[in-house]
Amino acid sequence: MDYNKLGELLFPNISKEPDEYETMYPDRKLKEGAKVTRLGPSPTGFIHLGNLYGAFVDERLAHQSDGKFYLRIEDTDDKRYVDGAVETIINSLKFFGINFDEGATMTGDVGDYGDYTQSNRGEIYQCFAKKLIKEGKAYPCFLTEDEIGQIRAKQESNKENPGIYGAYAESRKLSLEEIEEKIKAGVSYVIRLKSDGTDGDTARKIHVKDAIRGILEMPENFQDTVILKATGIPTYHFAHVVDDHLMRTTHVVRGAEWLPSLPIHVELFEKLGWETPIYCHTAQLMKLDAEGNKRKLSKREDPELSLDYYRNQGYHPEAVREYLLTILNSNFEEWRMENPEASIDEFEFTTEKMSNSGALFDLNKLNDISKDVLLRISATDLYEFLKAWATEFRPEIIHIFDDEDYMEKILDLGRGEAKPRKDLIFAEQIIEFISYFFDDMFKIEDEFPDEVSKADGSQILEKYLESYNHSDDQSQWFDKIREIATTLGYAAKPKDFKKNPDQYKGHVGHVSTVVRIALMGRSQSPDVWEIQQILGEDRTKSRIQKLI
RNA sequence: GGCUCCAUGGUCAAGCGGUCAAGACACCGCCCUUUCACGGCGGUAACCCGAGUUCGAUUCUCGGUGGAGUCACCA
């Protein structure tokens, strides 16, 4: 068979030589050890936590080594394109602090290794497919869907591996004349890799270095995988190999679901005479499935796996980043404890410290981390963050941001001290937590404690209002509470009440709870005196007045 | 079903032949305290099973079991 002739027959319009592309995309002149990574989403615009997880690895690897991180749009499957997807992808990741150095952008490509959209790279893939044809390493396959179905059925009944390979690769046997004839007749065909592997030959293993998992040992590929579809568009396998080589990617970060097709990629790299990049197969993010506290389960579209969920709930991007890093690198938490104030960027992220078993998403942990993260954010920044969130997701409450000064005092409540409060977790929760500061959201939610009768309750509030002086300091204020408590038969100290429960109706805590409920509507809140100072004299008095 | 990956408390995880098997989250108790939080102290709780290698296996090898992934002209 004259493979050269076959190549010209199949790709008459491809005139460029592979070498031209090699010189067009020279080795990147980066410093020693610099890593080049990429994110290759399909343009559905749907980004989930798993994508962010992977993107974070790419980003850290590249930026920690003074390398490059680029965005490549993998749109070889025309059915999945969604309008505005690129914009959504870039913005979603940007929100979480992940930025690209080059690649596809909203306004066009940036960088010297483009085009960064696979659908625009048709000629490049065809050029290298032609090269493989000419070297007898690939061939046109004319099998129809029906024929492939029949082959599969036969394989299934014989309990053989399904697929086109070995003797089942019928189109391998075609002569040049037969191929020419079919093409003239307009018969549709794909280009398949002519694999050197043999089914069942378990002795032949490939060894691939994976930065997360160490040396992987797998059986070699034996499938004549499709590399170019009938449309001339490449499959993922071929596009991955060609692109990551020409774009000089050094580290390929992708999910573990790609592990089974790794032998295909290895054979393709080998046949094209290229070096494989370093693979980093990340663990899958897991989730407990519905209802039952069942087993691990991975899903594409669980609500809390969608990034929108975190934005809706109003988690601060920094909290999500920090959480991701704690599940990404097992030594991060320890580092954070030693460096509570340091920027995340100072942490040395390594693939070796990555877990290779799937992590179950833990909302408790996220919340815990978020509390600490928010503590590091100033009230002013928090104000801006919440306001931006409310503008997008809760426009009906935007008026609470009108008085910035008031809001910032609220947000700073109890945060300045050595043992700061950690009440704030995410926007939705924060709004609920501080709602009593706003008259239109204020409501009485809790009951007076059992120790306080209704009559006593009114008396407490009456006396409280009578003696109220807004300029009292905290201890003067509390002395007055104590006085009210004792005159009404409540212990001034909880310990006294505990010792002699029969001598008192209750203790000062019960009395202050009454005040607390009148002011905040709830029996639990930060310090009453401090809250009063923020509420102001008028609002404080009027709330007490209302319950008398 | 074939192939692949994975396997330490409820969750995330240290460990890389000899440890009373870290730590964090969650949970429980106590302390602090006018409530709640915060903080402090303490507690419950784990090496999937079976062989083999070894003086000795959570750690190495094999087998099983379990979970996950993948077997497309989708990525």
Side-chain angles (χ1 to χ4, degrees), chain A residues 40-42 44 74-80 118 141 143 145 148 152 156 159-163 188-192 199-200 202 210 213 216-219 223 225-237 239-240 254-263 281 283-284 286 288 293-298 323 326-327 330-331 333-334 336-337 353 355-369 371 375 414-415 417-423 446 449 478 481-482 485 490 492-495 507-513 515-517 520 522-529:
Chain A
S42 62
T44 58
E74 310 212 334
D75 57 347
T76 54
D77 181 14
D78 42 335
K79 289 158 241 163
R80 294 168 65 154
Q118 288 183 334
C141 171
L143 256 23
E145 221 174 294
I148 291 175
R152 170 176 296 267
E156 271 170 22
K159 293 192 173 162
E160 291 175 307
N161 284 314
S188 169
Y189 66 93
V190 299
I191 304 294
R192 285 182 188 274
D199 177 27
T202 49
D210 186 290
R213 293 159 193 268
L216 297 168
E217 187 189 76
M218 302 182 141
Q223 295 272 356
T225 311
V226 173
I227 58 174
L228 281 190
K229 305 176 199 176
T231 51
I233 293 170
T235 56
Y236 167 86
H237 307 298
H240 149 56
R254 42 145 73 153
E257 71 269 23
W258 289 108
L259 239 21
S261 50
L262 187 54
H281 288 97
Q284 306 263 267
M286 306 290 197
L288 287 176
N293 30 9
K294 297 240 174 85
R295 300 297 136 188
K296 290 169 184 176
L297 194 148
S298 93
Y323 172 69
T326 68
I327 54 176
S330 53
N331 53 332
E333 266 191 287
E334 198 181 324
R336 175 50 87 199
M337 280 189 260
K353 284 287 181 185
S355 167
N356 45 14
S357 62
L360 202 54
F361 187 77
D362 188 349
L363 207 58
N364 275 328
K365 191 82 178 180
L366 204 212
N367 287 341
D368 182 65
I369 287 170
K371 288 179 191 173
L375 219 48
R415 298 209 314 161
E417 290 104 78
K419 285 195 246 168
R421 299 187 61 92
K422 296 182 181 176
D423 297 314
D446 292 338
F478 192 60
I481 300 265
R482 280 219 163 98
Y490 293 82
K493 292 180 178 172
K495 275 183 180 165
H507 61 76
V508 66
H510 299 123
V511 174
S512 67
T513 298
V515 174
R516 183 171 256 120
I517 286 170
M520 276 69 88
R522 2 182 135 156
S523 57
Q524 302 170 1
S525 80
D527 187 75
V528 176
W529 181 82

Practice item. Would you mind reporting whether A:S42 and A:D77 have side-chain heavy atoms less than 4.5 Å apart? Key: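 Not touching, per the 4.5 Å side-chain cut-off.
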Exercise for review: On RNA chain B, check which nucleotide each of A:A256 and A:R213 is closest to and give me the residue with the more 5' one.
Suggested key: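 Going by which nucleotide is closer to the 5' end, it is A:R213.
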Review point. Taking for each residue the nucleotide of RNA chain B bearing the nearest heavy atom, is the 5' side occupied by A:S525 or by A:P234?
Key: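 Closest to the 5' end, via its nearest nucleotide, is A:S525.
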Taking the side chain of [X] as its heavy atoms from C-beta onward, which of [options] lies nearest to it?
X      : options                : answer
A:D362 : B:rG15, B:rA26, B:rU11 : B:rU11
A:N161 : B:rG2, B:rA75, B:rG69  : B:rG2
A:D77  : B:rU34, B:rC74, B:rC38 : B:rC74
A:K422 : B:rC38, B:rA13, B:rU35 : B:rC38
A:R421 : B:rA75, B:rG15, B:rC36 : B:rC36
A:R192 : B:rA75, B:rC73, B:rG23 : B:rC73
A:K371 : B:rC25, B:rC38, B:rC73 : B:rC38
A:V508 : B:rU34, B:rC12, B:rU4  : B:rU34
A:T513 : B:rU35, B:rC25, B:rA75 : B:rU35
A:D368 : B:rU34, B:rU35, B:rA26 : B:rA26

Check your understanding: Dot-bracket, RNA chain B: Watson-Crick or G-U, under 3.5 angstrom, [ ] crossing, | other strand?
Key -> ((((((((.[[[..)..(....]]].(((((.......)))))....[[[[[..)....]]]]])))))))....
Check your understanding: Going by 5.5 Å between centroids and 30° between planes, is there a stack of A:F478 over B:rU34?
Key ->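 Ring-base stacking flag set for A:F478 and B:rU34.
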Shortest non-hydrogen contact between [X] and [Y], atoms and distance:
X      : Y      : value
A:T513 : A:P449 : CG2-CD, 3.9 Å
A:R482 : A:A492 : NE-O, 3.1 Å
A:S523 : A:R516 : O-CD, 3.2 Å

When you check the phosphate oxygens OP1 and OP2 of [N], does a side-chain N or O of [X] lie under 4.0 Å from one of them?
X      : N      : value
A:R415 : B:rC38 : no
A:K229 : B:rC74 : yes
A:S355 : B:rC12 : no
A:K353 : B:rC16 : no
A:K495 : B:rC31 : no
A:T76  : B:rA75 : yes

Give [X] one of three labels, base, sugar-phosphate or nothing, depending on what nucleic acid heavy atoms sit under 4.0 Å from its own.
X      : answer
A:P41  : nothing
A:K365 : base
A:D527 : base
A:Q118 : nothing
A:V226 : sugar-phosphate

Check your understanding: Would you call the rings of A:H237 and A:W258 parallel, tilted or perpendicular if under 30° counts as parallel and over 60° as perpendicular?
Key ->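 It falls in the perpendicular class, over 60°.
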Practice item. Measure the acute angle between the ring planes of A:Y236 and A:H240, then classify it against the limits of 30° and 60° as parallel, tilted or perpendicular. Key: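 The arrangement is parallel - the two ring planes meet at less than 30°.
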Could you tell me how far [M] sits from [N] if I compare only their [atom1] atoms? Round to whole Å.
N      : M      : atom1 : result
B:rA21 : B:rU4  : C1'   : 31 Å
B:rC74 : B:rA13 : C1'   : 35 Å
B:rU65 : B:rA14 : C1'   : 26 Å
B:rC36 : B:rU19 : C1'   : 41 Å

Practice item. Say whether, by atom type as modelled, one donor and one acceptor occur between the side chain of A:Q223 and the main chain of A:P162 under 3.5 angstrom. Key: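 Answer holds: yes.
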Exercise for review: Ignoring hydrogens and angles, tell me if any N or O in the side chain of A:D210 forms a donor-acceptor pair with the backbone of A:H281 under 3.5 Å.
Suggested key: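 Yes: the side chain of A:D210 pairs with the backbone of A:H281.
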Review point. Looking at CG of A:D446 and CD1 of A:I517, how far apart are the two atoms once the value is rounded to the nearest 0.5 Å?
Key: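 If I round to the nearest 0.5 Å, the distance is 5.5 Å.
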Review point. Has the side chain of A:R522 got a donor or acceptor that lies under 3.5 Å from a partner of the other kind on the base of B:rC36?
Key: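 A donor-acceptor contact between them is absent.
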